Amino acid sequence: MSEAAGVQRATIPITVLVVEDEESTRKLCADVAESSGMKAIVTRTVEEALRRLETDAVDIIVTDLVLPPSSGLELLRQVHEMYPQVAVVVMTQYGTIDSAVAATRMGAVDYVTKPFHIEDLRARLDRVARDMDLDRENRLLREQLRSKPGFGGMIGVSAKMQRVYKMIEKVSQHEYPVLILGESGTGKELVAKSIHYSGIRKERPFATLDCSTLVPTRTESELFGHREGAFGGAMRSKQGLLEAAQGGTLFLDEIGDMPVDLQAKLVRALQEREVKPVGSTERRGINFRIIAATKRDLELAIRTGAFCEDLYFRLNMVQIKLPPLRERKSDIQLMVISFLEKFSDPHGPPRTISDDAMRRLIAYDWPGNVRELEDAIGRAVAVGSGTIVHAGDLPSNLHGPSGERVSDKDELLPIEELERRAIQRMLRETGGDKLAAARMLGIGKTTLYRKLKRYQMEEAKP
């Protein structure tokens, strides 16, 4: 989608219905719409407009609020009831802003005060058209998400994720161990569950142990179990995860954080296929598939003595490496749509996201990967208002230029650089509307053009 005003659209043009009883204004509105690549239809009354709505596929209505013998508010009411998909922009005389506010409460998407500047009306029409394009794109993405969601709850259709899906399909039909590598937040547990629930053991247990969250002295008990009185606090006997996973799958998350001495005991249990609970002399047979995952470089850990080489060879029969989100940014838009649906009210209208907010999400490197993206969308939905998530709703670390992390050094930037970034951000926020950007910056439009030229941000003149 283009952000520049007046750019011709390659797809079916937006149709604008102008409802205005004054001929000169009616013609001016039509000319502005057509100069932006839109198709214009003109009418003089509410009755004419309603007849055209019955025969023409209208996308946007630009209507005056004073349309004898009826009114623009009456037209707005009927459009809202019969054609809710049509966006309405109202025109109001200077000094009658209350009427425009009433219109927005009735469903108008924007208003312009007469007499208006041509560029102001053009910018508003382009902004409404972009929002409509975005809404259509979001609907398409939702359909894509439903028809091609990825694999086992994972979201993504990029080439790197397609390779991951193919590996899951292959290894799920076998019994050998799998080692999943990837940064935090990339979805390693989802991969493990997909392998289990796609395989022949799917009706059996899927037992999980996060090796990074347990107290080292209790990890052995969690794995092998213990008998009553084996240690202080062991009030009763407990079955370990190796037994609990009997016939199913044992998933050891963050295996790189397991203590080395316990790694050796796990190797012995896997080799002998039996387990001895802590404090017991009894050995019990075990039969399960093992899947492990880690964010650590295990080969480096082996060289430094932090990981058992024998365990590595037993776990690494098949390796699946998950790409970080920064290496598959083409999947971000699909993920955002999914997370918006997840965090939105199921009984309310669907949430969408603005162009600027999406650009920031795509530009950001996501050190926390998918988990961080999901948290960011959840926060944006919680703090935002309305059905559109805007850039201002996103976490503060996405508010720097292009969405990069804001470092401490940014506080010491020269005044000129801070001013340039403020102008750049405001232009993004207003969709390129220079008049609106100048107002929000508290400067005149001529001053804004002068600064644009000074900072070589563009060559346009007022």
Side-chain angles (χ1 to χ4, degrees), residues 164 167 171 174-192 195-196 206-227 230-234 238-245 249-281 283-324 326-327 367-369 371:
V164 171
M167 283 294 293
V171 302
H174 300 278
E175 294 287 281
Y176 34 68
V178 178
L179 179 61
I180 306 168
L181 304 178
E183 298 176 5
S184 294
T186 50
K188 297 186 289 293
E189 185 171 355
L190 277 178
V191 172
I195 293 172
H196 171 76
F206 178 84
T208 300
L209 175 65
D210 187 344
C211 302
S212 67
T213 61
L214 294 175
V215 178
T217 55
R218 297 293 175 88
T219 306
E220 182 175 1
S221 170
E222 289 292 331
L223 272 179
F224 304 114
H226 62 260
R227 63 177 299 179
F231 51 83
K238 178 183 176 181
Q239 185 183 54
L241 282 174
L242 271 66
E243 281 191 88
T249 299
L250 174 64
F251 174 51
L252 298 177
D253 198 9
E254 297 304 339
I255 186 71
D257 294 336
M258 180 179 284
V260 176
D261 59 337
L262 190 58
Q263 293 175 27
K265 294 179 180 180
L266 178 59
V267 170
R268 186 161 53 251
L270 294 177
Q271 180 177 333
E272 297 173 359
R273 303 198 70 78
E274 61 181 23
V275 62
K276 184 178 77 168
V278 177
S280 173
T281 58
R283 293 183 178 274
R284 303 169 184 171
I286 52 175
N287 174 29
F288 54 78
R289 180 181 195 167
I290 188 166
I291 301 176
T294 182
K295 61 178 179 291
R296 299 187 182 279
D297 183 340
L298 293 187
E299 292 184 358
L300 176 61
I302 291 171
R303 292 196 294 270
T304 60
F307 200 79
C308 175
E309 188 174 32
D310 285 346
L311 180 57
Y312 177 72
F313 288 139
R314 284 196 170 271
L315 297 177
N316 196 37
M317 291 188 66
V318 176
Q319 186 180 111
I320 298 178
K321 189 170 184 179
L322 290 181
R326 63 182 174 275
E327 293 181 6
N369 294 292
R371 187 182 301 129

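Remember, it's a predicted structure, so these values are computed and weren't measured experimentally.
- Taking 4.5 Å as the limit, some side-chain heavy atom of Leu181 sits within range of a side-chain heavy atom of Thr294.
- Scanning both residues, Met258 and Cys211, for their nearest heavy atoms gives CE-SG, 3.7 Å.
- Not one N or O on the side chain of Lys238 forms a donor-acceptor pair closer than 3.5 Å with the backbone of Ser221.
- Nearest heavy-atom pair, Val275 versus Glu243, reported as atom, atom and distance to 0.1 Å: CG1-CG, 3.8 Å.
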### Task
Go through the steps to decide whether Phe288 and Leu270 satisfy the test side chain to side chain contact (heavy atoms under 4.5 Å, CB included), and finish with yes or no.
CA-CA 10 Å; Phe288 54 78; Leu270 294 177; 4.0 Å; yes

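- Using the six-membered ring where Trp is involved, Phe206 and His196 have ring planes that are tilted, between 30° and 60° apart.
- Counting heavy atoms of neighbouring residues, nucleotides and ligands inside a 6.0 Å radius, atom CD of Gln239 exceeds 12 of them.
- Interatomic distance, NE2 of His174 versus CD1 of Ile195, reported as 11.5 Å (0.5 Å rounding).
- Closest approach of Arg289 and Glu175 over heavy atoms only: CG-O, 3.6 Å.
- In plain terms, the two heavy atoms of Asn369 and Ser184 that are nearest each other are ND2-O, 2.8 Å.
- With Leu252 as the fixed residue, the side-chain contact (heavy atoms from CB on, under 4.5 Å) test singles out one of Leu241, Leu315, Thr208, Leu223: Leu223.
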### Query
Please walk me through it: do Asp257 and Lys295 pass side chain to side chain contact (heavy atoms under 4.5 Å, CB included)?
CA-CA 10 Å; Asp257 294 336; Lys295 61 178 179 291; 4.2 Å; yes

### Task
In sequence, state the C-alpha distance, the side-chain angles, and the governing distance for Phe224 and Leu262, and then conclude on side chain to side chain contact (heavy atoms under 4.5 Å, CB included).
CA-CA 10 Å; Phe224 304 114; Leu262 190 58; 3.6 Å; yes

